[in-house]
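A quick write-up on the structure given underneath.
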Amino acid sequence: MASWKFIAVSTVCVFVFLSGNISGLDNGLVLTPPMGWLAWERFRCNTDCKNDPENCISDRLFRTMTDILVTEGYTAAGYEYINVDDCWLERERDERGRLVPDRERFPYGMKSLADYVHSKGLKFGIYEDYGNFTCAGYPGVVGHLSGDATTFASWGVDYVKLDGCYALPTDMDYGYPEFGRQLNLTGRQMVYSCSWPVYQIYAGLQPNFSSIIEHCNLWRNFDDIQDSWASVESIIDYYGNHQDVIVPNAGPGHWNDPDMLIVGNFGLSYEQSKTQFALWAILAAPLLMSVDLRTIRPEYKAILQNRKIIEVDQDPLGIQGRRIYKHRGIEIWSRPILPIQQGQFYSYAVAFVNRRTDGTPSDVAVTLRELGLSNPTGYRVEDLYEDVDYGVLSPQTKIKVKVNPSGVVILRADAQPGYAFNAITTRTPYTPLNDVFRLTKK
């Protein structure tokens, strides 16, 4: 098996990435993927505030996370939404048919919580379900679409996630657009996150993605993420194996959502956490952290606040990346980004992923041209985790990256304007500590 350790990539499938002409939900929101904090994966439906007051779904939890987002640098890095998920409601509506927050866990009401979030310069998100009940059994929106939309607007909600439990998948082609229409009729701009396609896919139906793009800002295609590397891998595989269907649907204002970031929780190693964050950026995914920000370790916080990888995720072109190579546990993913030179040569973010688990790093060698990078005046290449600038390289330059098991190396290659370069003399010297990227003449 040692022969697998060095993999020369001689054949890489190169795709032409084109932006679609389909416009998203016409609310002018999330022209880049939304970023924020979401309770569900880490805190689930913990309603036991008597025995676990620090971690239960409550006003206290969301105000605390709001404060940390601001004081610990997350807001400065781009995270702006504080999103409540399931289990915030009373089990019954009030006598006028209105939704009621749990009176003990949210004693001041949702408008007060939204006002607090807004006072910190952030935006407030909430959860509901297009069904008779939410997934945890609280009141759903069916029969109350207009009233619930009006309620959310009156509370100052900025983001609505609509799940699909206890609903007929065949009804979603009408119900999800109608609730989106009701949100728009309130006159308040609210991001609309849909679970529409995933429930139809589970039911064996073919989702109408043209309609989904028209009516939703983002949507789920696959399973809920769990706190494990196996779960992250299953999502990576789904997005790679179905990319021809999935990728064309993404763009400014309308995004595929592979689910929350679990960086900093219990189930991922440091290398695996770096891999999830890098690939979510390649996928132009929403960056919605679900982690206890009070106890996150510094190295995981640094991953979530990596400005250079966030810049890739937030690239204004909004083109979702693709898997362009897969062989013997090694994958290469590539995403076109700005700047573009001469109207045709994109810049790229490229992620080299080692899916192998045999205990030692693997070397991957490939020329820039084999990755589809053909700008004749070259590319300035930078390692976004190691923070090393390798200067301007020609398309003929062969690069070799060393990728740890279940880890990633993510590079940014900025297409250069028309001037001469020297691939050897212009790059920043590297030290043995950072020697994960090497140049060879071809």
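On a predicted model such as this, the values are computed, not experimentally measured, just so you know.
Listed for the R188 side chain is no donor-acceptor partner under 3.5 Å among the backbone atoms of D158. No donor-acceptor pair under 3.5 Å is formed between the side chain of N375 and the backbone N or O of A415. No donor-acceptor pair closer than 3.5 Å links the side chain of D257 to the backbone N or O of S193. Although no hydrogens or angles enter the test, the distance criterion places a donor-acceptor pair under 3.5 Å between the side chain of Q314 and the main chain of P33. A donor-acceptor contact shorter than 3.5 Å links the side chain of D315 to the backbone of L338. S406 contributes no side-chain N or O that, together with a main-chain N or O of Q272, makes up a donor-acceptor pair within less than 3.5 Å. Without hydrogens or angle criteria, Y192 side chain to V160 main chain gives no donor-acceptor distance under 3.5 Å. With Q416 contributing its side chain and T377 its backbone, the two residues share no donor-acceptor pair below 3.5 Å. With hydrogens and angles ignored, the 3.5 Å screen pairs no side-chain donor or acceptor of Y238 with any backbone N or O of F222. When atom types are taken as modelled, the side chain of H215 and the backbone of C194 share no donor-acceptor pair closer than 3.5 angstrom.
L38 and K161 make their closest contact through CD2-NZ, 4.5 Å (heavy atoms, listed as atom of the first residue, atom of the second, distance). Counting all heavy atoms, side chain and backbone alike, K120 lies closest to V70 at O-CG2, 3.8 Å. D86 and A136 get closest at one heavy-atom pair: OD2-N, 2.9 Å. Taking both residues in full, the closest heavy atoms of S290 and N265 are given as O-ND2, 2.7 Å, listed atom of the first, atom of the second, then distance. Between P197 and P207 the shortest heavy-atom distance is O-CG, 3.8 Å. Across all non-hydrogen atoms, the minimal contact from Q226 to S231 is N-OG, 2.9 Å.
In this structure, W155 and F152 have tilted ring planes: the angle between them lies in the 30° to 60° band. Taking the six-membered ring where tryptophan is involved, the planes of Y79 and Y74 are perpendicular, since the angle between them exceeds 60° and thus also 30°.
The closest side-chain heavy-atom distance from L162 to M172 is not below 4.5 Å. For the pair L218 and Y159, the minimum side-chain heavy-atom distance is below 4.5 Å. Contact annotation: the side chain of S273 never approaches that of Y270 to less than 4.5 Å [non-hydrogen atoms, C-beta and beyond]. Looking at heavy atoms from C-beta onward, Y300 lies out of side-chain contact with L268 at the 4.5 angstrom threshold. Between P361 and N404 there is a side-chain heavy-atom pair separated by less than 4.5 Å. Under the 4.5 Å side-chain criterion, counting only non-hydrogen atoms from C-beta, Q206 is not in contact with Q200. Looking only at side-chain heavy atoms (C-beta outward), V232 and I225 come within less than 4.5 Å of each other. In this structure the side chain of P286 reaches within 4.5 angstrom of the side chain of P258, judged on heavy atoms.
Ion pairing of R412 with E382 is absent here, as no side-chain N (NZ or NE/NH1/NH2) approaches a carboxylate O to less than 4.0 Å. With respect to the salt-bridge test (charged N to carboxylate O, under 4.0 angstrom), the residues D244 and R322 qualify.
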(request) Run the numbers on L371 and I324 for side chain to side chain contact (heavy atoms under 4.5 Å, CB included), then give the verdict. (result) CA-CA 8 Å; L371 293 172; I324 62 172; 4.2 Å; yes
(message) Evaluate L283 against N256 for side chain to side chain contact (heavy atoms under 4.5 Å, CB included), listing each step before the verdict.
(response) CA-CA 8 Å; L283 293 172; N256 295 299; over 6 Å; no
(request) Start with the C-alpha distance between R42 and F266, add both sets of side-chain angles, then the distance that settles side chain to side chain contact (heavy atoms under 4.5 Å, CB included), and finish with yes or no. (result) CA-CA 9 Å; R42 175 59 180 83; F266 308 103; 3.9 Å; yes
(message) Between T64 and I68, is the side chain to side chain contact (heavy atoms under 4.5 Å, CB included) condition met? List the steps.
(response) CA-CA 6 Å; T64 298; I68 294 174; 4.1 Å; yes
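Residue L411 forms a side-chain contact (heavy atoms from CB on, under 4.5 Å) with just one option from V388, L368, V401, and that option is V401.
With rounding to the nearest 0.5 angstrom, the CD atom of E72 is 10.5 Å from the CD1 atom of I296. Here the CD-CD distance, from E271 to Q276, works out to 14.0 Å after rounding to the nearest 0.5 Å. Separation of atoms CD1 (I282) and CD1 (I309) is listed at 9.0 Å; rounding is to 0.5 Å. How far CD of Q396 is from CZ of R369: 4.5 Å, rounded to the nearest 0.5 Å. Rounding to the nearest 0.5 Å gives a distance of 11.5 Å between CD1 of I310 and CG of L384. Note: Y346 OH to S374 OG = 12.0 Å, rounded to the nearest 0.5 Å.
Judged purely by distance below 3.5 Å, without hydrogens or angles, the side chains of T397 and S394 pair a donor atom with an acceptor atom. Side-chain contact, D173 with N208: no donor N or O sits under 3.5 Å from an acceptor N or O. With no hydrogens or angles considered, a side-chain donor-acceptor pair links D163 and Y127 at under 3.5 Å. A side-chain donor-acceptor contact under 3.5 Å links N221 and Y239.
Within 6.0 Å of atom CZ in F133, 12 or fewer heavy atoms from other residues, nucleotides or ligands are found, so the atom counts as exposed in its surroundings.
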